[in-house]
Protein chains: 2
Amino acid sequence: MVETSSDTKRPTKSARTRKRILDAAAAEFRQAGYNARLVDIAERAGIQAGSLYYHFASREELVAEILQLGLATAFAQVRQAVEELDGSDIESDPRRRLETAIRAHTMAVLEQSDYASAQAKIVGQVPPDIAKAHKADQRSYGAYWNDLLETAATAGVLRADLDLFAARMLAFGAMNWTTEWFDPSRRLSADQIADTAVMMIMSGLAK
Amino acid sequence: MVETSSDTKRPTKSARTRKRILDAAAAEFRQAGYNARLVDIAERAGIQAGSLYYHFASREELVAEILQLGLATAFAQVRQAVEELDGSDIESDPRRRLETAIRAHTMAVLEQSDYASAQAKIVGQVPPDIAKAHKADQRSYGAYWNDLLETAATAGVLRADLDLFAARMLAFGAMNWTTEWFDPSRRLSADQIADTAVMMIMSGLAK
DNA sequence: GTCTATATGCAGATAGAC
DNA sequence: GTCTATCTGCATATAGAC
């Protein structure tokens, strides 16, 4: 049997380059939106544009993978934050779990991950085929949030007349739209924005 | 002096075609996002793609005008709704004024106007030059909202520790993002969504 | 695996007839 | 004013050398 690099712990050169391309693509999509060009992605990854096609069959394939990884990243960070909270409490408070999820998602999108940020930014811009393929991932993340909300509703923490789907989508809008206006060089930190998001979504702007 | 059509009340043929193009562009951008093609816009307007250039110098010029008209439309509808409220009350309640503005903006974006909807959908996707030119319009609409918020804050209606800029941007996110998920053929009406938006932004999801 | 060079396709834009 | 025909430029994609 030939000694291949899969026998070692180290990822293959191909896998490492592929990762560099994905990182570069996430950064470019985050910054420039869906119309980011392959030449710019390639340059950021330190290769020529043509070389991308050794790793990805098409631009669409690359976009699809960024969307998937972006959602997976946000999901993982939110779930981890909520589970850490559960670990610290015997009784997990459904309201605090929701607040924790809101803060974690907002932070993921604002500064934790170019992938999560890119997903939030371009998900509304991708062509129908890619959007359709992405729907399954969205449903699974949405189901997780729906669970957080339903548990809170059942516990009597949320207002009774609330439509949970509308509430969830409005909350996502507030959180994901931060990618459009957050500016790290300005007055407001990501943490402050996340705090304000938690406050508005859960308690509203009014006293 | 030659009799020109500007002497009559009726808009010139050119003005009417131009309007048809703008209407078509608003509808296409709303539906397909920034990458909507000129051929599709032209087809919807009932002309050939080349004929667009008699009315607009470039695609960018058309996009810029849609953005401007979209924001102006939302602004006008919000202002009108707030002023009607003021007329019905001797004392205008700053909280109800805010609620009215939220409902009006959400309705403008959801079903009152393809222009307002298109603006909300593509404003985050346009290239830097167009975005920069649009900034002035955004500032003026933003100033109006800031005024609504500051008046409410001064009256003690809002929570004391609130950052009004963050609050405004989060609220816009919740409202504008509805363009991504609203589906007229589904369960939730635009009115129900607007109601939920008012509730979440002003009072929060929690009891 | 990545390079250079090139092909392909498409959307925006222009020219001139009508 | 709008049409048809055509040009141009650019981004994606391919081919073959290394």
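Letters A, B, ... mirror the listed sequences (proteins, then strands); counts begin at 1. Hydrogens, waters and symmetry mates play no part in the numbers below; they use all other heavy atoms, side chains included.
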Tell me the interatomic distance from [X], atom [atom1], to [N], atom [atom2], rounded to whole angstroms.
| X | N | atom1 | atom2 | value |
| --- | --- | --- | --- | --- |
| B:Q48 | D:dC3 | CD | P | 5 Å |
| A:L62 | D:dA13 | CG | P | 10 Å |
| B:E61 | C:dG12 | CD | P | 15 Å |
| B:L52 | D:dT2 | CG | P | 10 Å |
| B:I41 | D:dT2 | CD1 | P | 16 Å |
| B:N35 | D:dT12 | CG | P | 11 Å |
| B:R59 | D:dT8 | CZ | P | 22 Å |
| A:I21 | C:dC3 | CD1 | C1' | 14 Å |

Nearest-nucleotide pick for [X], side chain only, options being [options]:
| X | options | value |
| --- | --- | --- |
| A:K13 | C:dG1, D:dT12, C:dA13 | C:dG1 |
| A:I47 | C:dG12, C:dC3, D:dT12 | C:dC3 |
| A:S51 | D:dG1, C:dT14, C:dC3 | C:dC3 |

Counting only heavy atoms not in B:Q192 (residues, nucleotides, ligands), do more than 12 fall under 6.0 Å from its CD?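 Check passes, neighbour count above 12.
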Could you tell me whether the phosphate oxygens of D:dA13, OP1 or OP2, come under 4.0 Å of any side-chain nitrogen or oxygen in A:Y53?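 Checking A:Y53 against D:dA13: at least one side-chain N or O falls below 4.0 Å of OP1 or OP2.
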For A:T17 and C:dT2, is the shortest distance between a side-chain N/O and OP1 or OP2 below 4.0 Å?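 For C:dT2, OP1 or OP2 has a side-chain N or O of A:T17 closer than 4.0 Å.
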Check this for me: does any side-chain nitrogen of one of B:E99 and B:R103 sit under 4.0 Å from a carboxylate oxygen of the other?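 Answer for the salt bridge query: no.
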Please determine whether a side-chain nitrogen of the Lys or Arg among A:K19 and A:D23 lies less than 4.0 Å from a carboxylate oxygen of the Asp or Glu.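 So A:K19 pairs with A:D23 through a salt bridge.
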Specify whether B:Y141 and B:Y144 have parallel, tilted or perpendicular ring planes, treating 30° as the upper limit for parallel and 60° as the lower limit for perpendicular.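 B:Y141 vs B:Y144 ring planes: parallel.
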